Amino acid sequence: MTPSDFNLASEHFKKFRSSCMPEALVTLYMTQDCASIAYECIYEFIDSLKSETLTPIYALLVSEFISSLEEDVEHDDDLYVFCRSSLGAMIESVGIVMCNDGAENLLSLNDIFQFVIEIASELCTELAKTVGSTEYSGLSFPLVHDFTAYIVPVCNVLRPLMHDDTGEAECYRGTIE
């Protein structure tokens with residue numbers, strides 16, 4: 001894939017985004033009459049985003065779907081969980097950046113940190129259910145996998161800050177504030 005292909009895909013993404021297509025599909029998902037059709041459309045669309053060379057663009061697109069969904073559904077909604085898991089798999093392969101400064105085609109730590117918190121909270125809830133219980137059914141493998149998919153890129157971004165003299169730590173502080 002050439003840089004011009006990536007730039008073209010980026011332009012198509014911007015057009016798709018400006019047409020409010022993710023929001024429109026989520027709106028359909030929220031209506032009783034069209035929920036199953038919209039679910040299948042969103043699911044199949046995201047599931048078809050397999051090209052590794054365009055994964056950074058696709059991750060931004062999946063992030064748009066999640067942003068639209070989180071306004072209207074609970075975090076245990078099947079479509080929300082599918083989108084969040086898909087995004088985790090994408091950033092697991094391409095990584096994230098510390099800040100959005102000059103990296104408009106990549107997700108940043110700030111963009112995905114909420115998912116680390118959500119998944120960690122779900123894991124803690126599952127673990128708490130096992131305290132004092134004689135029946136341990138184990139943690140949900142997909143949940144553990146999702147946590148790993150998110151936490152590894154976060155650790156990769158934060159690791160250099162341990163010995164940072166470049167000012168990137170300041171950018172990180174600004175991002176989380």
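Just so it is clear, the structure is predicted and the values come from calculations on it, not from any experiment.
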What distance do L60 atom CG and D111 atom CG have between them, rounded to the nearest 0.5 Å? 7.5 Å

L69 reachable from I117 in the ILVMFWY side-chain graph, under 4.5 Å edges: yes

Between E70 and R84, is there a salt bridge with N-O shorter than 4.0 Å? no

Do L28 and I37 have side chains that get closer than 4.5 Å, going by heavy atoms? no

Would you indicate whether the side-chain heavy atoms of E23 and E71 approach each other to under 4.5 Å? no

Looking at side-chain heavy atoms only, is the closest gap between L123 and L143 below 4.5 Å? yes

Surrounding CD of E44 (heavy atoms of other residues, nucleotides or ligands, distance under 6.0 Å), is the total greater than 12? yes

4.5 Å side-chain heavy-atom contact, V116 and F147: yes

Yes or no on side-chain hydrogen bond (donor to acceptor under 3.5 Å, both in side chains) for Q114 and Y150, after CA distance, side-chain angles and deciding distance? CA-CA 10 Å; Q114 73 182 46; Y150 279 97; over 6 Å; no

Measure from the ring center of Y29 to the ring center of F65 and say whether it is less than 6.0 Å. no

Interatomic distance, I42 atom CD1 to L79 atom CG [nearest 0.5 angstrom]: 5.0 Å

Before you tell me yes or no, could you show the steps for D146 and E122 under side chain to side chain contact (heavy atoms under 4.5 Å, CB included), namely the whole-Å CA-CA distance, both residues' side-chain angles and the distance that decides it to 0.1 Å? CA-CA 11 Å; D146 286 352; E122 291 173 30; over 6 Å; no

Spacing of M21 atom CE and C41 atom SG [to the nearest 0.5 Å]: 8.5 Å

Let me see the working for L107 and V97 under side chain to side chain contact (heavy atoms under 4.5 Å, CB included), right down to the final yes or no. CA-CA 6 Å; L107 290 171; V97 294; over 6 Å; no

Specify whether Y39 and Y43 have parallel, tilted or perpendicular ring planes, treating 30° as the upper limit for parallel and 60° as the lower limit for perpendicular. parallel

To the nearest 0.5 Å, tell me how far T148 OG1 sits from I151 CD1. 9.0 Å

Interatomic distance, S18 atom OG to K15 atom NZ [nearest 0.5 angstrom]: 8.5 Å

Whether the side chain of S85 engages the backbone of V81 through a donor-acceptor N/O pair (distance < 3.5 Å, no angle test) should be reported. no

Can you find a pair of side-chain heavy atoms, one from C83 and one from I46, that are under 4.5 Å apart? yes

Ring-plane angle category for F45 and F16, please: parallel below 30°, perpendicular beyond 60°, tilted otherwise. parallel

Any I66 side-chain heavy atom under 4.5 Å of F115 side chain: yes

Could you check if a side-chain atom of M90 sits within less than 4.5 angstrom of a side-chain atom of L49, using non-hydrogen atoms only? yes

Closest non-hydrogen atom pair, P153 against G95: CB-CA, 4.3 Å

On a heavy-atom basis, which atom in L87 and which in A59 lie closest, and how many Å separate them? CD1-O, 3.3 Å

Looking at H75, I want to see if its NE2 is surrounded by more than 12 non-hydrogen atoms of other residues, nucleotides or ligands under 6.0 Å. yes

Heavy-atom side-chain contact between V154 and I96 under 4.5 Å: yes

Mind running side chain to side chain contact (heavy atoms under 4.5 Å, CB included) on E126 and S140 for me, showing each step along the way? CA-CA 8 Å; E126 282 193 17; S140 159; 3.5 Å; yes

CD of E40: more than 12 outside heavy atoms within 6.0 angstrom? no

Shortest non-hydrogen contact between A149 and G88, atoms and distance: CB-O, 3.4 Å

Worked check of side chain to side chain contact (heavy atoms under 4.5 Å, CB included) between I91 and V152: CA-CA 9 Å; I91 67 164; V152 169; over 6 Å; no

